[in-house]
Amino acid sequence: MSETYDANTIEQKWQRVWDEARAWHVDNPVDPDTPDPAKSYVLEMLPYPSGSLHLGHLLVYTIGDVVMRFRRRTGLRVLHPMGWDAFGLPAENAAIREGGHPREITERNIVNIRRSMRRMGWWFDWEREISTHDPRYYRWQQWQFLRFLERGLAYRKGAPVKWCPNDQTVLANEQVLGDGTCERCGALVESRVMEQWFFRITDYADALLDDLDTVDWPESIKTRQRNWIGRSEGAEIDFRIEELGQDLTVFTTRPDTLFGATFFVLAPEHELVARIESEEVQAYVRHAAAKKTEERAAAVEKTGIFTDLHAINPVNGERVPVYVADYVLTDYGTGAVMAVPGHDQRDFDFAQAFDLPVRQVIRPAEGEVELPYVSHSDSDVLVNSGEFDGLPAPEGGRRIVERLEQEGRGRFAVNYRLRDWGFSRQRYWGCPIPVVYCDACGIVPVPDDELPVELPDVEDYKPKGQPPLAQAEDWVRTACPRCGGEGRRETETMDTFVDSSWYFLRYCDPENDSAPFDRAVVDYWNPVDLYIGGVDHATMHMIYARFWMKVLNDLGYIGFREPFASFFSNGWVTSGKTKISKRSGAATGPDEVVERYGADSIRLCILFLGPADQDMEWTEDAAEAMARFVRRLWRVVNEVVENAPAGEPEGGPLARKAHETIAKVTDDVGRRFAFNTGISAVMELANELSPDTTGRDARFAAETAVSLLQPYAPHVAEELWERLGHERLWEQSWPVADPTMLQRDTVEVVLQVNGKLRDRIQVPAAIGDDELVALALESERVRAHLNGGEPRKTVVVPGKLVNFVV
RNA sequence: GCCGAAGUGGCGGAACUGGUAGACGCGCCGGACUCAAAAUCCGGUUCCCCUCGGGGAGUGUGGGUUCGAUUCCCACCUUCGGCACCA
């Protein structure tokens with residue numbers, strides 16, 4: 001009897017061995033200019049270094065580790081790095097709350113998490129580790145920002161921004177939740193106009209949309225990005241405001257309804273509205289602007305006010321009243337709409353409330369409908385539309401725009417939901433923006449040779465109207481790089497999404513101190529072959545990173561346009577019905593469960609819970625079950641070592657089963673990412689082994705099970721491999737199923753009558769159809785169900801079944 | 001409203017291109033070992049009926065295609081997710 005299984009001892013032993021061998025490291029190629037079909041870049045989204053690992057981390061990094069180990073053993077050269085998304089609010093808030101410097105808190109967390117990661121047996125190339133708060137990293141981010149600035153891709157403008165009164169910072173639209181609260185702290189978000197830094201991501205809207213066709217991502221993720229970009233085709237139409245003698249442009253996707261425009265509406269935030277002198281109008285605007293966006297959206301009753309202005313419909317010269325109403329959104333289109341109450345529910349509601357005319361201009365080819373008629377089909381025709389009457393609606397719309405185009409009063413246009421990316425933050429713990437404000441020269445970039453602009457220490461991280469960096473007076477006051485006069489540094493910092501837009505390039509060349517990276521090395525490894533992470537980053541992070549790559553490509557720094565060739569989106573891990581995330585905190589600490597069950601069992605557990613791309617509920621029962629399996633495997637393999645001789649397998653049933661398992665696991669892990677069924681297959685093979693299984697096939701089956709389990713449970717696999725008399729399993733080629741072993745001499749054939757299973761018989765695999773049918777008809781059970789009659793029809797699936805139809 | 005994904009035992013889930021539905025695991029039941037318990041091992045476990053040979057039903061619902069449908073088609077219901085007063 002061998003000693004009992006002790007996870008901790010074994011796991012620590014092998015982790016030492018791997019570290020000594022630097023088994024997790026991969027060198028850059030000697031000749032990066034030669035493309036290498038055997039290279040593979042496997043990357044998981046880098047973690048935010050909060051206090052400790054959570055269950056979500058357990059899943060992502062275990063998936064990545066399993067894929068990486070599998071790919072290595074199939075002969076690929078795999079890059080699998082790790083780094084820290086170290087800047088950001090949580091560390092800063094912790095510093096405000098508990099004192100201390102965000103840097104100290106962050107670096108302490110990094111030490112903890114790195115230790116936990118090694119404890120899990122995850123192989124990351126620690127010689128490539130980076131952290132976004134390291135000046136050696138953000139220096140090159142500043143450098144890239146300056147390149148963007150030179151091309152006008154980074155710019156400053158006053159814009160209404162979402163302002164979190166609690167965090168005292170601007171939020172991206174994406175960081176405001178659906179109920180109008182702050183993603184981070186839950187406070188109600190307000191609207192403010194501020195000078196902000198923006199990246200011109202909207203220039204890339206079409207490229208971001210089109211290039212989705214070139215990547216291998218789940219369709220649902222692509223759809224989310226498409227929704228996010230929100231492209232709609234339509235037309236811009238100029239309405240002359242009679243009293244001001246000025247044109248106002250509206251965007252519409254329904255130019256075919258232009259003749260039905262019976263009034264005109266401006267959003268309260270529209271710049272024209274501010275110039276209206278009427279006290280009544282201004283009172284309404286104040287009232288409307290004070291309302292929260294979501295209240296406005298929820299309101300069924302339309303409110304608004306007449307402005308005394310009139311707009312001239314360019315298509316028919318009609319003079320229609322101009323209203324201000326909060327049902328028109330400032331964020332979409334131009335913030336002004338032509339209202340077509342006959343064919344839009346919102347406009348209709350407003351017309352009813354304000355007693356405005358409703359005109360039908362679209363009619364279904366057959367029959368009448370009640371207004372508003374908002375659905376549309378290709379068979380609809382235009383009515384009450386002058387010379388365009390009788391045209392099918394889509395064509396009519398086109399013709400209307402074409403005519404307006406000739407007259408210079410309209411044009412075909414595309415509108416996007418996507419806004420430019422506002423990336424400045426009024427917070428301390430972020431990458432400084434390397435510009436200087438000079439009264440004489442304006443915005444002056446910091447010269448490349450003065451980078452990095454290092455983040456100075458400040459007394460207090462709490463923003464009080466102005467960014468915390470403003471306190472560092474000595475740092476803020478600096479000579480203007482252009483004229484040498486008095487200048488002031490930018491005190492805002494970059495959104496952390498900038499940090500994560502290019503980190504995967506830096507891993508390729510982390511030590512480079514003359515450039516962000518060497519182009520040849522980056523082009524060798526990239527694009528990332530498999531990116532793994534949560535759906536929560538499907539829009540923001542993954543759109544920003546795609547944008548960044550397109551810009552770098554346009555500027556000639558990289559040779560590709562898409563960062564992530566394929567993407568695996570892992571599910572949410574919940575525990576006790578609460579989401580495990582950095583916000584809600586982990587209910588069960590992974591560190592404790594690892595202590596209790598061992599890393600191998602936990603790795604198996606998190607993957608066995610269910611399909612890795614679906615949400616799953618963490619239970620300790622599963623950890624218990626996996627620990628039981630590992631112990632059983634341990635015992636059984638040790639028994640095999642004692643009882644079963646080594647040598648060529650004999651090709652019996654056990655060897656065959658082993659080969660079948662190889663085929664199954666290879667497919668599950670290598671192609672389908674079905675980690676749970678891969679584990680099941682190994683368990684099934686292990687179930688065939690028992691204390692009294694002997695013979696060379698038993699030995700072979702045990703070796704196969706251990707070898708196949710290695711990506712999942714690397715420590716115990718390595719230990720058992722050694723006990724089976726071999727060395728360095730991690731360097732062994734992945735086993736290949738022998739096709740001849742997958743074929744059987746005899747096969748079980750199912751016999752059906754009218755599609756119902758009636759019997760099973762063993763027949764030679766090579767049997768002919770006629771012979772098989774003859775054998776099938778000998779079955780008593782089949783004959784009983786044929787009731788002595790002859791089958792009307794016989795279907796034979798060779799090697800599988802015979803179906804008699806009566 | 002539009003778009004996307006999914007509905008299978010008591011539970012998590014399997015079934016890759018239409019071919020033995022319920023792999024693997026949990027839980028439960030029975031047994032072995034034990035003074036006892038834990039641990040471990042062996043057997044059983046979709047439901048209903050049964051004369052213990054079997055028989056019938058069954059993958060959200062209703063239709064369809066097919067010798068045969070969890071898988072394909074149509075309609076519907078439910079759940080989850082994304083987008084949305086988008087003019």
Engineer: I want to verify a distance call: between C41(B), C85(B), G82(B), whose nearest atom is closest to the Arg635(A) side chain?
Structural biologist: C41(B)
Engineer: Strictly by Watson-Crick or wobble contacts shorter than 3.5 Å, is anything paired with C80(B), and which nucleotide is it?
Structural biologist: G4(B)
Engineer: Rounded to whole angstrom units, what separation is found between the CZ atom of Phe673(A) and the P atom of G13(B)?
Structural biologist: 20 Å
Engineer: Can you confirm whether Arg411(A) sits close enough to Asp238(A) that some side-chain heavy atom of one is under 4.5 Å from a side-chain heavy atom of the other?
Structural biologist: yes
Engineer: So if I take every side-chain heavy atom of Arg346(A) and compare against A87(B), G19(B), A15(B), which nucleotide ends up nearest?
Structural biologist: A87(B)
Engineer: Verify the contact: side-chain N or O of Arg628(A) to OP1 or OP2 of C26(B), cut-off strictly under 4.0 Å; return yes or no.
Structural biologist: yes
Engineer: Any idea which of A14(B), G82(B), A23(B) is nearest the Arg224(A) side chain?
Structural biologist: G82(B)
Engineer: Which whole-number value in Å describes the distance from Asn754(A) CG to G19(B) P?
Structural biologist: 19 Å
Engineer: Is the phosphate of C3(B) approached by Arg226(A) (side-chain N or O, under 4.0 Å from OP1 or OP2)?
Structural biologist: no
Engineer: Mapping Leu609(A) and Met338(A) to their closest nucleotides on RNA chain B, which lands nearer the 5' end?
Structural biologist: Leu609(A)
Engineer: Would you please confirm or rule out a distance under 4.0 Å between OP1 or OP2 of C67(B) and any side-chain N or O of Lys793(A)?
Structural biologist: yes
Engineer: Side chain of Asn803(A): nearest nucleotide among A14(B), G68(B), A87(B)?
Structural biologist: G68(B)
Engineer: For the side chain of Arg417(A), starting at C-beta, report the closest nucleotide among A84(B), G82(B), G25(B).
Structural biologist: A84(B)
Engineer: Using a distance-only test with no angle check, is there a side-chain donor-acceptor pair under 3.5 angstrom linking Tyr712(A) and Asp600(A)?
Structural biologist: no
Engineer: Quick one: which of G25(B), G13(B), G19(B) gets closest to the side chain of Lys800(A)?
Structural biologist: G19(B)
Engineer: Which nucleotide, in any strand shown, forms a Watson-Crick or G-U wobble pair with G9(B), with both distances under 3.5 Å?
Structural biologist: none
Engineer: In terms of side-chain heavy atoms of Thr223(A), which of C3(B), C85(B), G19(B) is nearest?
Structural biologist: C3(B)
Engineer: Looking at Asn227(A), I'd like to know whether one of its side-chain N or O atoms comes within less than 4.0 Å of OP1 or OP2 on G81(B).
Structural biologist: no
Engineer: Does Phe350(A) have Lys302(A) sitting over its ring (NZ/CZ under 6.0 Å from centre, angle to axis within 45°)?
Structural biologist: no
Engineer: If you check the Leu801(A) side chain, which of G19(B), G25(B), C24(B) turns out closest?
Structural biologist: G19(B)
Engineer: Contact between Met542(A) and Phe567(A) at the side-chain level, heavy atoms closer than 4.5 Å - yes or no?
Structural biologist: yes
